[in-house]
Amino acid sequence: MLSSSTSTLRLPQPTRARRRHQPPAAAAAASLQFRSAAMSRRPSPFRSRPQRGGTIRALDAAQPFDYESRAAGLLEERQRLKIAIVGFGNFGQFLARTFARQGHTLLAHSRSDYSSLAASVGASYFQDPHDLCECHPDVVLLATSILSAEAVLRSLPVHRLRRNTLFVDVLSVKEFPKNLLLSTLPPDFDVICTHPMFGPESARDGWDGLPFVFDKVRVGDCPARRARAEAFLNIFEREGCRMVEMSCAEHDEHAAETQFLTHTVGRKLAMLELQTTPINTKGYETLLRLVDNTCSDSFDLYNGLFMYNKNSTELLNRLEWAMDSVKKKLFDGLHDVLRKQLFEGSPHAPNNASIRK
């Protein structure tokens, strides 16, 4: 029976284990250890490979930029080619300097010993074409003279190359090397005919804006082979060349005028042994420069422009006709003046009537 006086009824409370007091640093360490253990038990799709020393590298916020930089580097790496330059004369060396600057691996072969010059641009020189082909270049660049192209090509042991090697020529005529490469090389080889419309003299200040003509004569329908062809053409595009895709036949029609005519006029003027004078005009100085530019090239080049471009003979005939037409016009005018003096009199002719008086 409860008393009416104020009293308190105490219910039994569950006994709770008293936690032992821990210092703050120890408590924080224990909490961190607990969370780390819990996270390690969770399966994660981003589990990293253990690093040396037991540390794990965190993925920071710069990862997308690092990836893009690495991807760009890999793309540039794929576009680097192993290029074998066959014919390491003046023009081959001229191209090699730019190829090397862009980071391509260079091999060189020529009839003459250019080993020291090849070393100066970072190219490996091979006197024996067998050794060159056994290096399995991605691209074989034919940079010989027009007259020697066929003999040099037939001397290469192409059976030692990879069966889909890319052959490129840089000759000044295009139908001739196109037919030569297609008839000589195995059918699995790729062929691109090109013509850089410049040389060491005209491109001494760079290739920017200068025309580069090319014709993808035969490129295999395979992503790797198409990529290789584009990587080679990209060498010239990166230097700022004006890329002109044109058939070999159309090139030769234009080249008969742009090249053969220019060289013919320059060599005709050279036969006159023109000299500078105290009263040079701008036009006369242009002619003197034309002589220097054309005659700095070998006569073999000029002869090749005539021999291996069927349009050159017609142009040479037209040039002779034009010269004869100009001479005829001049002499016809001279004959008219002489006829008037002989048959119609002239103000300067003596007066026979006054003499008789």
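Below, all heavy atoms of this structure are taken into account, side chains as well, without hydrogens, waters or symmetry copies.
Sorted by first and then second residue, the ring-ring contact (aromatic ring centres under 6.0 Å, His included) pairs involving residues 98-137 (not counting sequence neighbours) form an empty list.
Of the residues listed (Asn311, Asn317, Asn309), the one engaging Thr313 in a side-chain contact (heavy atoms from CB on, under 4.5 Å) is Asn317, and it is the only one. Each of Arg218, Arg225, Arg163, Lys216 was scored for a salt bridge (Lys or Arg N to Asp or Glu O under 4.0 Å) with Asp190, with one residue passing: Arg225.
When all heavy atoms of Glu257 and Leu261 are compared, the closest pair comes out as O-CB, 3.1 Å. Scanning all heavy atoms of the two residues, the minimum distance from Gly304 to Val173 falls at O-CG1, 4.3 Å. In terms of heavy-atom proximity, Leu95 sits nearest to Phe236 at CD2-CE2, 4.2 Å. Considering all non-hydrogen atoms of both residues, Gly199 and Phe91 come closest at CA-CE1, 4.0 Å. The two residues Asp215 and Cys248 make their nearest non-hydrogen contact at OD2-N, 3.2 Å. Smallest separation of non-hydrogen atoms from Leu156 and Pro129: CD2-CB, 4.0 Å.
If you take CG on Leu132 and CG on Leu161, they are separated by 7.5 Å, rounding to the nearest 0.5 Å. Note that CZ of Arg289 is 9.5 Å distant from CG of Asp292, once rounded to the nearest 0.5 Å. Between the CD atom of Glu253 and the CG atom of Leu315 there is a distance of 12.0 Å, given to the nearest 0.5 Å. Taken to the nearest 0.5 Å, the CG atom of Asp188 stands 10.0 Å off from the OG1 atom of Thr165. For the atom pair CG of Asn164 and SG of Cys222, the computed distance is 7.5 Å after rounding to the nearest 0.5 Å. Here Arg80 contributes atom CZ and Gln102 contributes atom CD; the two are 10.0 Å apart, rounded to the nearest 0.5 Å.
Residues Lys310 and Asp252 fail the side-chain proximity criterion, which asks for heavy atoms closer than 4.5 Å. You'll find the side chain of Ser202 stays beyond 4.5 Å of the side chain of Asn293, heavy atoms only. Val213 is not listed as a side-chain neighbour of Lys174, based on a closest heavy-atom distance of 4.5 Å or more. Here the side chains of Pro177 and Tyr308 are not in contact, with every heavy-atom distance at 4.5 Å or above. Looking at Met197 and Arg242, their side chains never come closer than 4.5 Å, going by heavy atoms from C-beta outward. Looking at heavy atoms from C-beta onward, Leu274 lies in side-chain contact with Tyr284 at the 4.5 angstrom threshold. Considering only heavy atoms from C-beta on, Gln127 comes within 4.5 Å of Asp113 through its side chain. Two residues are said to be in side-chain contact when any heavy atoms from C-beta on lie closer than 4.5 Å; Trp207 and Pro196 fail this criterion.
Taking hydrophobic clusters as Ile, Leu, Val, Met, Phe, Trp and Tyr residues chained together by side-chain heavy-atom distances below 4.5 Å, Phe176 does not share a cluster with Met246. A continuous path of hydrophobic side-chain contacts links Phe214 to Phe198 [ILVMFWY only; heavy atoms under 4.5 Å]. No chain of hydrophobic side-chain contacts below 4.5 Å, direct or via other Ile, Leu, Val, Met, Phe, Trp or Tyr residues, connects Phe167 to Ile235. Neither Val152 nor Val170 shares a network with the other; the hydrophobic side chains, linked directly or stepwise wherever heavy atoms of I, L, V, M, F, W or Y lie under 4.5 Å apart, form separate groups for each. Linking ILVMFWY residues whenever their side-chain heavy atoms come closer than 4.5 Å, directly or via other members, places Leu81 and Phe212 in the same cluster.
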(request) Start with the C-alpha distance between Gln93 and Val121, add both sets of side-chain angles, then the distance that settles side chain to side chain contact (heavy atoms under 4.5 Å, CB included), and finish with yes or no. (result) CA-CA 8 Å; Gln93 296 165 33; Val121 297; over 6 Å; no
(message) Please evaluate residues Val265 and Leu287 with respect to the criterion side chain to side chain contact (heavy atoms under 4.5 Å, CB included), reporting the C-alpha separation (whole Å), side-chain torsions for both, the decisive distance (0.1 Å), and the verdict.
(response) CA-CA 9 Å; Val265 172; Leu287 295 180; 5.6 Å; no
(request) Please test Thr98 against Arg101 for side chain to side chain contact (heavy atoms under 4.5 Å, CB included), starting from the C-alpha separation and ending with a verdict. (result) CA-CA 5 Å; Thr98 298; Arg101 179 168 50 79; 3.6 Å; yes
(request) Determine, step by step, whether Val217 and Leu181 satisfy the side chain to side chain contact (heavy atoms under 4.5 Å, CB included) criterion, reporting the C-alpha distance in whole Å, the side-chain angles of both residues, the deciding distance to 0.1 Å, and the verdict. (result) CA-CA 10 Å; Val217 176; Leu181 292 170; over 6 Å; no
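Remark: side-chain polar atoms of Asn234 are not paired, donor with acceptor, to backbone N or O of Glu230 under 3.5 angstrom.
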Side-chain polar contacts of residues 322-334 - donor-acceptor pairs under 3.5 angstrom, sequence neighbours left out - could you list them?
from, atom 1, to, atom 2, distance (Å)
Ser325, OG, Trp321, O, 2.8
Lys328, NZ, Asp332, OD2, 2.9

Extract all donor-acceptor atom pairs below 3.5 Å that involve side chains of residues 266-273 and protein atoms in other chains or at least two apart in sequence.
from, atom 1, to, atom 2, distance (Å)
Arg267, NH2, Asp297, O, 3.0

Kindly list each side-chain donor-acceptor pair under 3.5 angstrom involving residues 137-146, sequence neighbours excluded, with atom names and distances?
from, atom 1, to, atom 2, distance (Å)
Asp138, OD1, Arg162, NH2, 2.9
Asp138, OD2, Lys82, N, 2.8
Ser145, OG, Ser148, N, 3.2
Ser145, OG, Ser148, OG, 2.8

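Qualifying salt bridge (Lys or Arg N to Asp or Glu O under 4.0 Å) partners for Glu201, counting only residues two or more places apart in sequence or in other chains: Arg204. Qualifying ring pair (Phe, Tyr, Trp, His ring centres under 6.0 Å) partners for Phe299, counting only residues two or more places apart in sequence or in other chains: Tyr302.
A salt bridge between Asp169 and Lys178 is absent, with no side-chain N of the basic residue lying under 4.0 Å from a carboxylate O of the acidic one.
Other residues, nucleotides and ligands contribute over 12 non-hydrogen atoms within 6.0 Å of the CD atom of Glu285.
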